[in-house]
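Structure record follows, encoded as structure tokens.
Quantities reported herein were computed from a predicted structural model and do not represent experimental measurements. Remember, it's 1-based here, ligands and their atoms both numbered in the order they're listed.
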Amino acid sequence: MNMKKIIEVGIQQFKKPKIKQISFVENNKEVNSLLSDIEHKPHAFVLGCLMDRQVKADRAWIIPKIVFDELKTSDINELAEKSLKEYEDIFSKKTLHRFNDDMAKVFYDGVQDIKRKYEGDASKIWRGKPSSALVVYRFLEFRGCGIKIATMAANILAKQFKIEFADYYSIDISPDVHVMRVMERMGCVSKGASREMVIYKARELYPIFPGIIDSSCWEIGRKWCKSENPNCDECSARSECKKNI
Ligand code: SF4
């Protein structure tokens, strides 16, 4: 399977200069501005990543903003002084997540970890050109953070925030529905392939940075390769696609 074009697009996207405001949630300037401000409020991005579990991403990314607004502070030292009960009350009052009690604890512990381990500065997680494995490992140390969130966080840091890492080997593809569908239809993996198979296929295709094809597959999935009525005529990957629909 020739995935050259997809890889090229991924590399081009990786090389693009950093944009001022990353779009985490469509048409939500306030949330995007908060999450994009990793110079001043890096903990907002980290806490947003930790919320991205078992709910739609749009719903997860807005949680830090709502919690900060409710507590009337986004200062990490002040956030760390709030009790678990205060976080639980906000999560349940605002129905922030499918699992309000669990995720309130994840949020609370995340704040405490950032304060204690990183002296209140979450950017220490990725500062100083660390290896990609170390950044993924540091995310995994947070309560409730699995490999999917950890590699997604490292991928966003590398590709969107342009954080320099010593290497990119440990940044895997994040196989969401778009990525899975595109990889399958293109004939890159067999029909019904598991997420693990997609991850290992991406490692085979571009071992020095497997996650590089993540955004190109995602874009193709969103723009042309929709679950119903894929628009193959206009799709940028049509020349190398097997169209296993
Ligand atoms: S050519 Fe068609 S099947 Fe292939 S990726 Fe594009 S839209 Fe999907």
Verdict with reasoning, F209 to Y206, per ring-ring contact (aromatic ring centres under 6.0 Å, His included): CA-CA 6 Å; F209 189 172; Y206 202 62; 7.3 Å; no
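Taking 4.0 Å as the cut-off between side-chain N and carboxylate O, R222 and E26 count as a salt-bridged pair. A salt bridge does not link E88 with K105: every distance from a Lys NZ or Arg NE/NH1/NH2 to an Asp or Glu carboxylate oxygen is 4.0 Å or more.
Between the choices C232, A237, P230, S239, the shortest heavy-atom distance to atom 2 (Fe) of ligand 1 belongs to C232.
By the rule that hydrophobic residues join a cluster once side-chain heavy atoms approach within less than 4.5 Å of another member, V106 and V136 end up as members of separate clusters.
Looking only at atom types and distance, the side chain of Q13 has a donor-acceptor partner in the side chain of S215 under 3.5 Å away.
At a 4.0 Å cut-off, at least one heavy atom of I245 sits close enough to ligand 1 to count as contact.
Near C241, the atoms of ligand 1 lying under 4.0 angstrom from a non-hydrogen atom of the residue are 1 (S), 3 (S), 4 (Fe), 5 (S).
Taking atom 8 (Fe) of ligand 1 as the reference point, the nearest protein heavy-atom neighbour is C225 SG, 2.4 Å.
At least one N, O or S atom of C235 sits under 2.8 Å from atom 6 (Fe) of ligand 1.
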